[in-house]
Number of protein chains: 2
Amino acid sequence: MQTVDIPSFLRHQPLFQQLSPEQIDALVPFTHEVRGLKGQVIFQKGDPCDGMFLVVYGRVKLALSSAQGSEKVMEIIHPGQSFAEAVMFLSRPCPVMAQFLEDSMLLKVEAEGILQALEHDPAFARRLLAGLSLRLHGLVRDVERYSIESSLQRVIGYLLQHIPEDGSEAQPQLTLSVNKNLIASRLNLTPETFSRMLHQLIEAELIMVDGRDITLVNVDKLKAYGNRE
Amino acid sequence: MQTVDIPSFLRHQPLFQQLSPEQIDALVPFTHEVRGLKGQVIFQKGDPCDGMFLVVYGRVKLALSSAQGSEKVMEIIHPGQSFAEAVMFLSRPCPVMAQFLEDSMLLKVEAEGILQALEHDPAFARRLLAGLSLRLHGLVRDVERYSIESSLQRVIGYLLQHIPEDGSEAQPQLTLSVNKNLIASRLNLTPETFSRMLHQLIEAELIMVDGRDITLVNVDKLKAYGNRE
DNA sequence: CGGACGGTTGAGTCTCGTCAATAAGCGTGG
DNA sequence: CCACGCTTATTGACGAGACTCAACCGTCCG
């Protein structure tokens, strides 16, 4: 069981990194560890929500579930990322459910601590606002994808978006962070359709797939491919 | 040409209504009127954006446009509502375009004014955060609709969401605020499909339609209808 | 070895979009 | 006042894209 130095972890969060040591210390009493095993639910859609979460290690998914029991992944949260900031500022039930994808450790920061930090630091407010704005842009992008892109385009978009940053390799490579069923759901596709789209790109010699490892053979052609065929 | 008393208008905005008169006055130099005619574009997707807008009178649509030229309405903004708050806090291009639906008058508040107000009033920060959070919830709801609801369910959801507040009438009535093509696009449907879904609801004797006026004959049955047939 | 899980593939179906024709409503101008 | 054109809305026939259902395979793990 890993342990974590809460103040130092908080200090390295993008959200908190401009807070003074005193402000970080003020946050600590409102922060506690949350550990969970793969499959456990952190909160259900409809639950009240009084804090935000930071992922220390592990992975978390945010998902919606339909009346018929099927499930739609809205976001996959990785270590260093946070979620549920937006529910803190509204006295409203959570619009999504959150579940551990693997054994994980989170930090939960209670809303009260955040509100207190807000009182004393306008720069923190700006950071929070920027964070939420970023989230909002991501959602607008999602709506755009779901409403005007075909499934093939969504797959291509996903691949292009997940090219690693390091330099300009001719044939960038990426590894899916989770299994293909989850990616498919995130893209609003069935696993079958996702598989077929990948297959189509393989046939067109635009990518190579080996399990979760994907090589983009020709990035430019890949970008162009979705717009015609 | 209508005129408007800027300070008093600002004071009545939900976002600003807890600011002191001095704070409102400080905002005024950053605020100016923007008038436009039906069809004029306020900003394009991709434009830089350095302020937020309040609708005084008229209507505005936020929309995405696809590569093939078709357009998808993301939001219809009515008098008293605001938009583009989220782009202020990021140095990023606008993710959507904005266009006047009719001859309208807006107030534009420059980002600088907002940031200044933020410096001096933590309560204002909380309001802004709450505002963005609300927007975010709306988008989550949209993603939910687009990804797990059928077109019939989306139409029903729209009708139910737009029942006027006033008391519990047995057969609530509503009037579409804009033409059906726009509503259809907002729901991510073609006008044809939207028309067919309304027709289906008429056949089932759940609603009555007269132009833009719609009467919900049986709200409970309407709620239930989407889940089976 | 057997089962669960993740992934692929094929066949059939269905929802929804496309295309086309038509009709109704409305403002303009002759 | 009516003719005309434009926009908005409706309806039908058709087709395509994505989902469903099912079978199947490989791998991991008890």
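Numbered from 1 within each chain, the chains take letters A, B, ... in sequence-line order.
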Item checked: Separation of A:Asp47 CG from A:Ile42 CD1 (nearest 0.5 Å) -> 11.5 Å
Note to self: If you go through the side-chain atoms of A:Arg196, does one of them form a donor-acceptor pair with the base of C:dG7 closer than 3.5 Å?
What the structure shows: no
Note to self: With heavy-atom distances below 4.5 Å as the criterion, would you say the side chains of B:Leu160 and B:Lys223 are in contact?
What the structure shows: yes
Check: Could you give the NZ-to-P distance, from B:Lys38 to C:dG27, as a whole number of Å?
Finding: 11 Å
Side-chain donor-acceptor distances from residues 84-98 of chain B under 3.5 Å, at least two apart:
residue	atom	partner	partner atom	Å
B:Glu85	OE1	B:Arg135	NH1	3.0
B:Glu85	OE2	B:Ser82	OG	2.7
B:Glu85	OE2	B:Arg135	NH2	3.2

Next item on the list: To the nearest Å, give me how far apart CD (A:Glu192) and P (C:dG12) are.
Entry: 16 Å
Next item on the list: Mind calculating the distance between CG (A:Leu198) and P (C:dT8) to the nearest angstrom?
Entry: 7 Å
Check: Residues from residues 177-189 of chain B sitting under 4.0 Å of DNA chain C, heavy atoms only?
Finding: B:Asn188, B:Leu189
Checklist line | Distance, rounded to the nearest Å, where B:Met197 contributes CE and C:dG17 contributes C1' | finding: 11 Å
Checklist line | Length of the line joining A:Gln200:CD and C:dG10:P, which is rounded to integer Å | finding: 14 Å
Note to self: Without decimals, in angstroms, what is the distance between A:Tyr146 OH and C:dC16 P?
What the structure shows: 18 Å
Next item on the list: Evaluate the side-chain contact (heavy atoms from CB on, under 4.5 Å) criterion for residues B:Met208 and B:Ile202: first the C-alpha distance (whole Å), next the side-chain angles of each, then the deciding distance (0.1 Å), finally the verdict.
Entry: CA-CA 6 Å; B:Met208 294 187 303; B:Ile202 294 169; over 6 Å; no
Item checked: Distance, rounded to the nearest Å, where B:Ile148 contributes CD1 and C:dC16 contributes P -> 14 Å
Item checked: Reference residue B:Tyr57; test side-chain hydrogen bond (donor to acceptor under 3.5 Å, both in side chains); the match among B:Arg35, B:Glu102, B:His78 -> B:Arg35
Next item on the list: With the side chain counted from C-beta on, respond yes when A:Met52 and A:Lys108 share a heavy-atom pair under 4.5 Å apart, and no when they do not.
Entry: no
Item checked: C:dG17 phosphate, OP1 or OP2, under 4.0 Å from B:Thr193 side-chain N/O -> yes
Note to self: Run the side-chain contact (heavy atoms from CB on, under 4.5 Å) test on B:Asn218 and B:Leu216 for me, step by step, so that the C-alpha distance in whole Å, both residues' side-chain angles and the decisive distance to 0.1 Å come before the verdict.
What the structure shows: CA-CA 6 Å; B:Asn218 189 328; B:Leu216 308 190; over 6 Å; no
Item checked: Criterion salt bridge (Lys or Arg N to Asp or Glu O under 4.0 Å) against B:Glu75, the qualifying member of B:Arg141, B:Lys61, B:Arg59, B:Arg186 -> B:Arg186
Item checked: Near-ring test A:Phe83/A:Phe53, centroid separation under 6.0 angstrom -> yes
Notebook entry, point to check: Starting at CG of A:Asp210 and ending at P of C:dT8, how long is that distance when rounded to a whole Å?
Noted result: 11 Å
Item checked: Start and end of chain B contact along DNA chain D [non-hydrogen atoms, under 4.0 Å] -> D:dT8 to D:dA13
